[in-house]
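Below is one structure, written out as structure tokens; the observations come after it.
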Amino acid sequence: MTYRGFFPAVLFGLTTILVIALTFSLVVSIVLSFTSFTEHSVKWLITVVAFVTMFFGGTIAGAKAKEKGWIAGATTALLFSLLTFLVQYLGYDSGFTNEQYLFHAGYIFAAAIGGIIGVNLSSNK
């Protein structure tokens, strides 16, 4: 892989996160519609998948950036959090709760760790 720049790498990681999140949301909504599962019964699965998705998006961003992986991963998750906040604030007229702030801080941390691993996976040593 050739070095393409920091911000394209971050946008590629963000796109990866959004595609995985939207696909998983579609699958969960179909499962909830056609089974007796409730949102409460899949809460932990959704949380785990969200953190794994952030980690994976950070890994992709770090691998594409090839340097400063923790910054690439954290920036990727920060943009996702900003996008989530804007949708929630502008679309639903409510800000983040304290619990959501903790989740998004965890997302940023998970993506930063993923970015570190992504840089190390992309190195040609």
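Only this structure's heavy atoms are used, side chains among them; waters, hydrogens and symmetry mates stay out.
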Set of side chain to side chain contact (heavy atoms under 4.5 Å, CB included) partners for [X], sequence neighbours left out:
{"X": "Leu86", "value": "Leu82, Leu90"}
{"X": "Ser41", "value": "Phe37, Thr38"}
{"X": "Leu18", "value": "Leu14, Phe80, Leu83"}
{"X": "Ala77", "value": "Met54, Ile108, Ala111"}

If two hydrophobic side chains count as joined below 4.5 Å and joins carry through other members, does [X] share a cluster with [Y]?
{"X": "Leu78", "Y": "Tyr101", "result": "no"}
{"X": "Val42", "Y": "Val31", "result": "yes"}
{"X": "Phe56", "Y": "Phe109", "result": "no"}
{"X": "Phe103", "Y": "Val28", "result": "no"}

Practice task
Provide the full list of side-chain hydrogen bond (donor to acceptor under 3.5 Å, both in side chains) pairs with a residue in residues 69-87, sequence neighbours left out, each pair given once.
Solution key: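 For residues 69-87, and leaving out neighbouring residues, the side-chain hydrogen bond (donor to acceptor under 3.5 Å, both in side chains) pairs sorted by first residue read Ser81-His104.
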Exercise for the section: State which residues pass ring-ring contact (aromatic ring centres under 6.0 Å, His included) with Phe51; sequence neighbours excluded, sorted by chain then number. Expected result: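 Phe51 satisfies ring-ring contact (aromatic ring centres under 6.0 Å, His included) with Tyr107 only.
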What closest approach, in Å, do [X] and [Y] show between heavy atoms, and which atom pair accounts for it?
{"X": "Ala65", "Y": "Ala9", "answer": "N-CB, 3.4 Å"}
{"X": "Thr53", "Y": "Val49", "answer": "OG1-O, 2.7 Å"}
{"X": "Glu39", "Y": "Leu32", "answer": "CG-CD1, 3.8 Å"}

Reported [atom1]-to-[atom2] distance for the pair [X] and [Y], which is rounded to 0.5 angstrom:
{"X": "Ile17", "Y": "Ile60", "atom1": "CD1", "atom2": "CD1", "result": "10.0 Å"}
{"X": "Lys64", "Y": "Leu11", "atom1": "NZ", "atom2": "CG", "result": "12.5 Å"}
{"X": "Thr97", "Y": "Leu102", "atom1": "OG1", "atom2": "CG", "result": "8.5 Å"}

Under a single-linkage rule joining Ile, Leu, Val, Met, Phe, Trp and Tyr whose side-chain heavy atoms are separated by less than 4.5 Å, which residues share a cluster with [X]?
{"X": "Leu22", "answer": "none"}
{"X": "Val87", "answer": "Tyr92"}
{"X": "Val19", "answer": "none"}

Practice task
Decide if atom CZ of Phe85 counts as having more than 12 heavy atoms of other residues, nucleotides or ligands within a radius under 6.0 Å.
Solution key: yes
Practice task
Sort and list the pairs that fulfil ring pair (Phe, Tyr, Trp, His ring centres under 6.0 Å) and have at least one residue in residues 10-35, not counting sequence neighbours.
Solution key: none
